[in-house]
Amino acid sequence: MTEGTTSAATEGADTLSRLEQEGEIAADYLEGLLDIADLDGDIDMDVEGDRASVSIISDAGGRELHKLVGRDGEVLEALQELTRLAVHRETGDRSRLMLDISGYRAQKRAELAELGAKAAAEVRSSGSPVKLKPMTPFERKVVHDAVKAAGLRSESEGEEPQRFVVVLPA
């Protein structure tokens with residue numbers, strides 16, 4: 001190995017170690033939260049790309065955990081922010097950790113990827129830009145990725161909380 005390769009490998013291992021640490025801190029925080037709320041759930045930790053990912057899953061079908069998702073994922077978004085703050089408090093670094101509860105975010109990601117692909121197909125056939133409804137940053141990111149995968153481009157417009165994606169012709 002050359003010096004540059006060794007340095008890159010070391011940096012990658014350091015990043016993986018840091019993300020795993022974020023996941024462990026988040027898992028401890030969420031386990032405490034589940035205990036306080038008297039909810040049953042298992043914590044699953046992973047590293048996806050450049051961020052830690054933590055999921056709370058339930059053997060009982062997740063009905064009980066839906067309280068932690070809330071309407072349109074509002075409670076999930078709040079819990080994710082609180083979990084990120086807990087990680088920040090321990091590490092001193094800003095976290096981009098993703099939290100999923102009962103597969104809500106995974107299902108939402110699949111629906112949004114389909115929406116992005118359909119919007120791209122519509123733009124391709126009509127040649128006109130398509131504006132989508134306002135979305136959260138997570139939702140917009142998934143749509144942007146789907147549009148890019150379809151070979152088109154997209155932009156976010158507007159101000160939070162009314163920020164939305166516009167899919168543009170090539």
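In this chain, residues are counted from 1 in sequence order. Just so it is clear, the structure is predicted and the values come from calculations on it, not from any experiment.
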(request) Measure the spacing between NE2 of H144 and CZ of R153 and express it to the nearest 0.5 Å. (result) 12.0 Å

(request) Any pair with a residue in residues 84-95 that passes salt bridge (charged side-chain N to carboxylate O under 4.0 Å, His left out), sequence neighbours left out, goes on the list, sorted by first then second residue, please. (result) E81-R84

(message) If you compare all heavy atoms of P169 against all heavy atoms of G127, which two are closest, and at what distance to 0.1 Å?
(response) CG-O, 3.3 Å

Without placing hydrogens or testing angles, list every side-chain donor-acceptor pair under 3.5 Å for residues 17-32, not counting sequence neighbours.
from, atom 1, to, atom 2, distance (Å)
R18, NH1, E22, OE2, 3.1
E22, OE1, S95, OG, 2.9

(request) Quick one: which residue pairs count as a side chain to side chain donor-acceptor pair (under 3.5 Å) with a foot in residues 160-169, not counting sequence neighbours? (result) R140-E160

(message) To check you understand the geometry: which heavy-atom pair defines the closest contact between L76 and R105, and what is its length?
(response) CG-NH2, 3.5 Å

(message) Starting from I57, can I reach Y104 by hopping between I/L/V/M/F/W/Y residues whose side chains sit under 4.5 Å apart?
(response) no

(request) Begin with the C-alpha distance, continue with both residues' side-chain angles, and end with the deciding distance and a verdict on side-chain contact (heavy atoms from CB on, under 4.5 Å) for E157 and F164. (result) CA-CA 5 Å; E157 293 183 5; F164 59 94; 3.8 Å; yes

(request) Nearest 0.5 Å please: distance from the CD atom of Q107 over to the CG atom of D100. (result) 10.0 Å

(message) Could you see if I101 belongs to whatever hydrophobic cluster contains V54? Use Ile, Leu, Val, Met, Phe, Trp, Tyr and a side-chain cutoff under 4.5 Å.
(response) yes

(request) Look up atom CG in L99 and atom OG in S55, then write down how far apart they are to the nearest 0.5 Å. (result) 7.5 Å

(message) Closer than 3.5 angstrom, by distance alone: can the side chain of E64 be matched with the main-chain N or O of L39 as a donor-acceptor pair?
(response) no

(request) Tell me who clusters with V165, hydrophobic residues only, linked when side chains sit under 4.5 Å apart either directly or through other members. (result) M98, L112, L115, V123, V130, L132, M135, F138, V142, V143, V147, L152, V167

(message) Filter on side chain to side chain donor-acceptor pair (under 3.5 Å), then keep only pairs touching residues 118-131, sequence neighbours left out; what's left?
(response) E114-K118

(request) Flag yes if V87 and L82 sit in one hydrophobic cluster, no otherwise; membership is Ile, Leu, Val, Met, Phe, Trp, Tyr, and two members link when side-chain heavy atoms are under 4.5 Å apart. (result) no

(message) Any heavy-atom pair between the side chains of L34 and L65 that's under 4.5 Å?
(response) yes

(message) Once salt bridge (charged side-chain N to carboxylate O under 4.0 Å, His left out) is applied, what residue pairs with a partner in residues 35-55 remain, sequence neighbours excluded?
(response) D50-R96

(message) Counting C-beta onward and ignoring hydrogens, is there a side-chain heavy-atom pair between L33 and L79 closer than 4.5 Å?
(response) yes

(request) For A146 and A113, work out which heavy atoms get closest and say how close. (result) CB-O, 3.5 Å

